[in-house]
Chemist: 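Next up is a structure, given as structure tokens.
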Amino acid sequence: MTFKAGVAIPDMSLPEEQDHLKLVTFNLQVGIQTSAYHHYLTRSWQHLLPHPERQQRLDIIAETLSRFDLVGLQEVDGGSIRSNQVNQVHYLAESAGFPHHYQQLNRNLGRLGQHSNGLLSRLAPSRVEEHRLPGTLPGRGAIHAQFGEGPDALHLFIVHLALGQRSQTRQLDYLSELISPLKHVVMMGDMNCTPERIQAHDRFCDAFPLHPVEPALSYPSWRPRRALDHILLSSSLQADKIEVLDHLFSDHLPVAIDVHLPSACRRAMLTCNSAKSAIAAAHPAL
């Protein structure tokens with residue numbers, strides 16, 4: 001797997017004086033505008049065919065995302081008929097000025113749809129992995145990006161869980177195994193379940209001691225009543241109050257947070273960045 005860099009945008013490392021990161025997660029529903037339940041029926045054709053305003057919507061979304069350091073995307077299209085062959089992850093990264101991006105293709109429907117998760121980042125990760133999550137139906141996944149090296153590296157998981165409770169349980173079991181040995185962890189995405197269901201999953205909570213962040217109501221976007229989109233932090237991380245952003249067309253609202261990095265985590269990220277700079281200076285052709 002290759003972490004793709006944005007075209008002609010300079011690399012950015014964590015500034016030494018920066019002790020926090022701005023994060024946002026957003027299920028953008030491939031750029032469809034939804035503001036009422038009946039739109040699921042009347043605008044369902046947009047899941048297959050292009051809409052003349054979709055590109056303009058992406059530009060507005062990119063402007064909002066440009067304020068953040070790390071962005072997790074769900075229900076983003078990797079380039080098909082419905083998106084006018086535009087890879088929305090790449091387009092948003094380039095438009096919002098992110099030097100790094102990664103697309104995880106979860107459901108390949110050929111020209112009809114490229115269902116994906118996405119990561120946009122101002123920081124160069126030390127490694128990126130993708131995971132296929134178990135479930136009754138295939139097509140759910142997680143991106144794991146690591147920033148820094150060693151036990152104090154920061155680990156970011158971008159997830160999109162299934163709708164069914166049985167599949168969610170299996171997926172949380174799978175994620176528990178990945179998270180268990182890690183110290184500084186952020187998990188964010190459309191988890192399709194309430195905080196109460198997450199807290200009731202003992203194995204997940206044992207593997208991932210959570211910093212208490214008040215859940216944000218994010219669904220449906222036009223009258224939010226449920227907290228389905230989450231930014232979960234390990235107990236080693238501190239954060240300000242979670243924020244729900246204004247409606248950006250989708251049936252989900254974006255959820256954002258400022259994460260304060262422990263000094264050991266910052267050192268791990270800075271040491272990794274320094275090592276990369278030294279390698280680049282010694283081998284400019286790499």
Side-chain angles (χ1 to χ4, degrees), residues 24-48 72-78 80 82-83 88-89 103-109 112-119 130-144 157-179 187-205 207-208 210 215-232 244 247-255:
V24 65
T25 180
F26 184 34
N27 178 331
L28 57 85
Q29 201 189 15
V30 299
I32 296 174
Q33 184 168 8
T34 304
S35 53
Y37 282 114
H38 68 265
H39 289 163
Y40 286 118
L41 176 62
T42 59
R43 300 179 180 178
S44 60
W45 60 270
Q46 295 183 39
H47 284 283
L48 298 173
L73 301 172
Q74 305 89 50
E75 292 194 28
V76 62
D77 193 80
S80 64
R82 64 182 178 178
S83 62
Q88 294 178 336
V89 179
Q103 175 204 350
Q104 179 191 27
L105 178 59
N106 292 318
R107 196 170 289 153
N108 187 351
L109 301 181
L112 295 180
Q114 299 284 298
H115 298 275
S116 303
N117 291 336
L119 165 64
E130 62 177 64
H131 297 271
R132 305 294 175 188
L133 298 180
T136 305
L137 296 174
R140 303 291 182 170
I143 298 173
H144 174 198
F157 290 83
I158 297 168
V159 303
H160 190 192
L161 301 190
L163 293 170
Q165 186 171 353
R166 182 176 298 180
S167 292
Q168 285 178 6
T169 298
R170 292 178 60 192
Q171 290 164 2
L172 289 172
D173 284 341
Y174 182 93
L175 292 168
S176 300
E177 292 295 321
L178 299 179
I179 293 169
M187 180 177 293
M188 62 185 188
D190 177 5
M191 300 183 73
N192 275 314
C193 60
T194 63
E196 292 76 19
R197 185 176 294 179
I198 295 173
Q199 292 162 5
H201 194 290
D202 293 336
R203 185 176 179 186
F204 182 76
C205 292
F208 191 11
L210 297 175
L217 302 180
S218 60
Y219 180 86
S221 57
W222 57 93
R223 193 178 296 171
R225 295 175 177 173
R226 305 179 69 195
L228 301 183
D229 302 89
H230 301 281
I231 301 180
L232 306 178
V244 178
H247 187 196
L248 282 175
F249 310 110
S250 170
D251 58 343
H252 289 251
L253 293 174
V255 175

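For the single chain, residues carry numbers from 1 onward in sequence order. The figures that follow rest on heavy atoms only: side chains count, while hydrogens, waters and symmetry mates do not. Values in this document were obtained by computation on a predicted structure and should not be read as measured data.
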Chemist: Taking atom types as modelled, is there a side-chain donor on R140 or Q171 under 3.5 Å from an acceptor on the other?
Modeler: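 The answer is no; no qualifying pair exists.
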Chemist: For Q103 and S116, which heavy atoms make the closest approach, and how far apart are they?
Modeler: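 Smallest interatomic distance, heavy atoms only, reads NE2-OG, 2.9 Å.
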Chemist: Do R82 and L112 come within less than 4.5 Å of each other through their side chains, counting heavy atoms only?
Modeler: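 They are not in side-chain contact.
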Chemist: With side-chain contact (heavy atoms from CB on, under 4.5 Å) as the test, would you mind laying out the steps for Q88 and L73 before giving the verdict?
Modeler: CA-CA 10 Å; Q88 294 178 336; L73 301 172; over 6 Å; no
Chemist: Do Q29 and H47 make a side-chain contact, defined as non-hydrogen atoms from C-beta onward lying under 4.5 Å apart?
Modeler: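 Yes - at least one pair of side-chain heavy atoms lies under 4.5 Å apart.
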Chemist: Quick check for you: to the nearest 0.5 Å, what is the distance between L137 atom CG and R107 atom CZ?
Modeler: 7.0 Å
Chemist: Check whether the side chains of T34 and H39 place a donor and an acceptor atom closer than 3.5 Å, and report yes or no.
Modeler: no
Chemist: I'd like to check H144 versus L178 (side-chain heavy atoms, cut-off strictly below 4.5 Å). Are they in contact?
Modeler: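 No; the side chains remain at least 4.5 Å from each other.
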Chemist: Measure across L248 and P254 and return the closest heavy-atom pair with its distance rounded to 0.1 Å.
Modeler: CD1-CG, 3.9 Å
Chemist: I'd like to check P224 versus L253 (side-chain heavy atoms, cut-off strictly below 4.5 Å). Are they in contact?
Modeler: yes
Chemist: What I want to find out is whether R203 reaches E177 closely enough, with some N-O distance under 4.0 Å, to be called a salt bridge.
Modeler: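 Salt bridge flag = yes for E177 with R203.
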Chemist: Please name the pair of heavy atoms, one in S218 and one in V255, separated by the smallest distance, quoted to 0.1 Å.
Modeler: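 Looking at all heavy atoms of both residues, the closest pair is CB-CG2, 4.0 Å.
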Chemist: Evaluate the criterion side-chain contact (heavy atoms from CB on, under 4.5 Å) for residue pair L175 and H131; output intermediate values, then yes/no.
Modeler: CA-CA 9 Å; L175 292 168; H131 297 271; over 6 Å; no
Chemist: Parallel under 30°, tilted from 30 to 60°, perpendicular over 60°: which one fits the rings of F204 and H201?
Modeler: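 Aromatic pair F204/H201 classed perpendicular.
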Chemist: Answer whether the closest heavy-atom distance between the side chains of D229 and M188 falls below 4.5 Å.
Modeler: no
Chemist: Just checking R226: does its CZ atom have more than 12 heavy atoms from other residues, nucleotides or ligands closer to it than 6.0 angstrom?
Modeler: no
Chemist: For residues L133 and L161, determine if any side-chain heavy atom of one lies less than 4.5 Å from a side-chain heavy atom of the other.
Modeler: yes
Chemist: On the 0 to 90° scale, with breaks at 30° and 60°, tag the H252-Y219 ring pair as parallel, tilted or perpendicular.
Modeler: tilted
Chemist: Does a donor on one side chain sit under 3.5 Å from an acceptor on the other, for N27 and E75?
Modeler: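 There is such a pair between these side chains.
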Chemist: Output yes when a side-chain donor or acceptor of E130 lies under 3.5 Å from a complementary backbone atom of N106, and no otherwise.
Modeler: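 Such a contact is absent between E130 side chain and N106 backbone.
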Chemist: D190 pairs by side-chain hydrogen bond (donor to acceptor under 3.5 Å, both in side chains) with which of Q74, H230, H160?
Modeler: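 Between D190 and the candidates, side-chain hydrogen bond (donor to acceptor under 3.5 Å, both in side chains) is satisfied uniquely by H160.
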Chemist: Are the side chains of R132 and P138 in touch, meaning some heavy atoms are under 4.5 Å apart?
Modeler: no
Chemist: Is the shortest heavy-atom distance from the side chain of S80 to the side chain of L109 under 4.5 Å?
Modeler: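 Side chain of S80 against side chain of L109, heavy atoms only: no contact under 4.5 Å found.
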Chemist: Go through the steps for H115 and D77 under the test side-chain contact (heavy atoms from CB on, under 4.5 Å), then give the verdict.
Modeler: CA-CA 5 Å; H115 298 275; D77 193 80; 5.9 Å; no
